[in-house]
Amino acid sequence: MPDLAQQLLLEIKSEGSLPSCATLSALMLCYADNGLLSHAQTVWDEIINSSFVPSIEVVSDLMDAYGNLGYFDEVARILRDLTLWKFKLRPQVYPLAISCFGKRGQLEMMETVMKEMVSSGFTVDSATGNAFIKYYTIFGSLTEMEAAYGRLKRSRILLEKEGIRAMASAYIKERKFYKLGEFLRDVGLGRQNVGNLLWNLLLLSYAANFKMKSLQREFLRMVEAGFSPDLTTFNIRALAFSRMSLFWDLHVSLEHMKHEKVVPDVVTYGCVVDAFLDRKLGRNLDFALKKMNLDGSPFVSTDPLVFDVFGKGDFHSSSELLLESKRQEKWTYRKLVAIYLKKMYRTNQIFWNY
């Protein structure tokens with residue numbers, strides 16, 4: 001209610017009281033959220049020209065309000081005012097402006113702020129650097145993203161999980177799997193602080209094009225480098241084996257999972273079920289599944305980036321619909337497989353009836 005808020009402020013002033021910084025900040029945000037730009041500007045000027053220092057939370061909310069309305073020049077004005085008059089906020093306000101511009105696709109304005117921040121002697125921290133890369137992966141081209149990564153690398157800022165995943169997602173979206181592999185090697189496959197992420201993505205880059213020999217070779221290198229395969233590692237291989245109908249390799253992979261005490265998820269079971277049904281080997285399915293725990297509770301813990309490459313298999317998709325339904329039932333893999341087989345049988349019956 002901006003009108004009522006303005007009336008209350010006038011009453012405070014008419015009684016000879018001075019509004020506090022919190023009061024002015026609340027009124028300013030009220031105006032900004034309601035698109036009353038000139039009113040918000042007036043209150044902002046009052047705050048800046050007084051001895052008040054707005055909190056960084058208020059600055060963040062104000063930038064977001066202007067950003068949501070597309071008033072990017074006003075965001076730049078806030079940054080300019082604070083860097084000129086409220087010096088102690090400078091280290092915090094630069095990253096806020098970078099985030100405000102970046103998440104709305106204003107890459108040129110984001111670049112300008114980043115350069116100004118560096119030229120003013122402030123260090124770009126890891127969080128800001130990784131966010132900078134992330135915005136390029138969303139709104140920029142691959143070439144622009146790679147150039148931004150090169151600048152980040154020259155600044156000796158390490159790309160962390162969020163940045164790695166964002167760049168990998170961009171390469172996957174464009175189906176540039178060779179470039180994805182080059183990027184992962186450049187980041188450094190030996191990095192322990194990101195877990196198996198780099199190796200899993202490298203395996204995914206080979207599995208995407210069904211380069212099975214390279215997939216196996218890199219898997220062995222991963223193990224030799226001291227990394228223990230996790231569920232995503234195994235499922236990347238299982239999906240490739242399943243799509244290529246490599247039943248023996250799929251069997252060996254399941255045995256390896258059991259040896260490593262890695263519990264299969266819906267994706268793993270789907271690899272087995274889909275592989276046998278695709279080759280019309282449904283009668284042999286019991287033999288394959290009897291070594292797996294069919295009475296376990298279904299779950300999905302595979303990295304979603306895997307689905308960006310392979311999609312979701314038929315069994316996986318069908319099972320997810322059941323698990324997300326409102327049916328109050330204690331699901332097991334045995335029930336999911338039974339329902340799926342019945343569904344496939346009915347589908348085939350309808351097909352042959354025509």
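Values below: every heavy atom of this structure, side chains too, minus hydrogens, waters and symmetry copies. Keep in mind that what you see is a predicted model, and the values were worked out from it rather than measured.
The aromatic rings of H39 and Y31 sit tilted, their planes meeting at an angle between 30° and 60°. Ring orientation note: the planes of F315 and Y340 are nearly perpendicular, at an angle over 60° on the 30°/60° scale.
Counting heavy atoms from C-beta outward, K103 and M110 have side chains that stay 4.5 Å or more apart.
Annotation: the span from I78 atom CD1 to C100 atom SG amounts to 8.0 Å, rounded to 0.5 Å. Rounded to the nearest 0.5 Å, atoms CG (L96) and CD (E57) are 9.0 Å apart. Rounded to the nearest 0.5 Å, atoms CZ (R237) and OG1 (T268) are 12.5 Å apart.
In the hydrophobic clustering of this structure, L158 does not group with W199; members are Ile, Leu, Val, Met, Phe, Trp, Tyr whose side-chain heavy atoms approach within less than 4.5 Å, directly or through other members.
Each of V306, V266, D265 was scored for a side chain to side chain contact (heavy atoms under 4.5 Å, CB included) with N235, with one residue passing: D265. Of the listed residues (T137, D303, N130), just one forms a side chain to side chain donor-acceptor pair (under 3.5 Å) with R165, and that residue is D303.
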Test log, rule ring pair (Phe, Tyr, Trp, His ring centres under 6.0 Å), inputs H316 and F310
CA-CA 12 Å; H316 180 185; F310 285 106; over 10 Å; no
Checking side-chain contact (heavy atoms from CB on, under 4.5 Å) for the pair F183/L159: CA distance, chi angles, key distance, verdict?
CA-CA 11 Å; F183 159 67; L159 205 58; 3.6 Å; yes
Please step through side-chain contact (heavy atoms from CB on, under 4.5 Å) for the pair Y66 and R77, ending with a clear verdict.
CA-CA 11 Å; Y66 283 145; R77 183 193 177 206; over 6 Å; no
Take T233 and D230 through the side-chain hydrogen bond (donor to acceptor under 3.5 Å, both in side chains) test and state the conclusion after the steps.
CA-CA 5 Å; T233 313; D230 57 23; 2.7 Å; yes
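The minimum heavy-atom distance linking A288 with V272 is given by the pair CB-CG1, 3.8 Å. For the pair L79 and Y94, the tightest heavy-atom approach, listed with the atom from each and the gap, is CD1-CD2, 3.8 Å.
Taking a cutoff of 4.0 Å between a charged side-chain nitrogen and a carboxylate oxygen, E160 and K134 do not qualify as a salt bridge. We find that K179 and E174 are not joined by a salt bridge, their nearest charged nitrogen and carboxylate oxygen being 4.0 Å or further apart.
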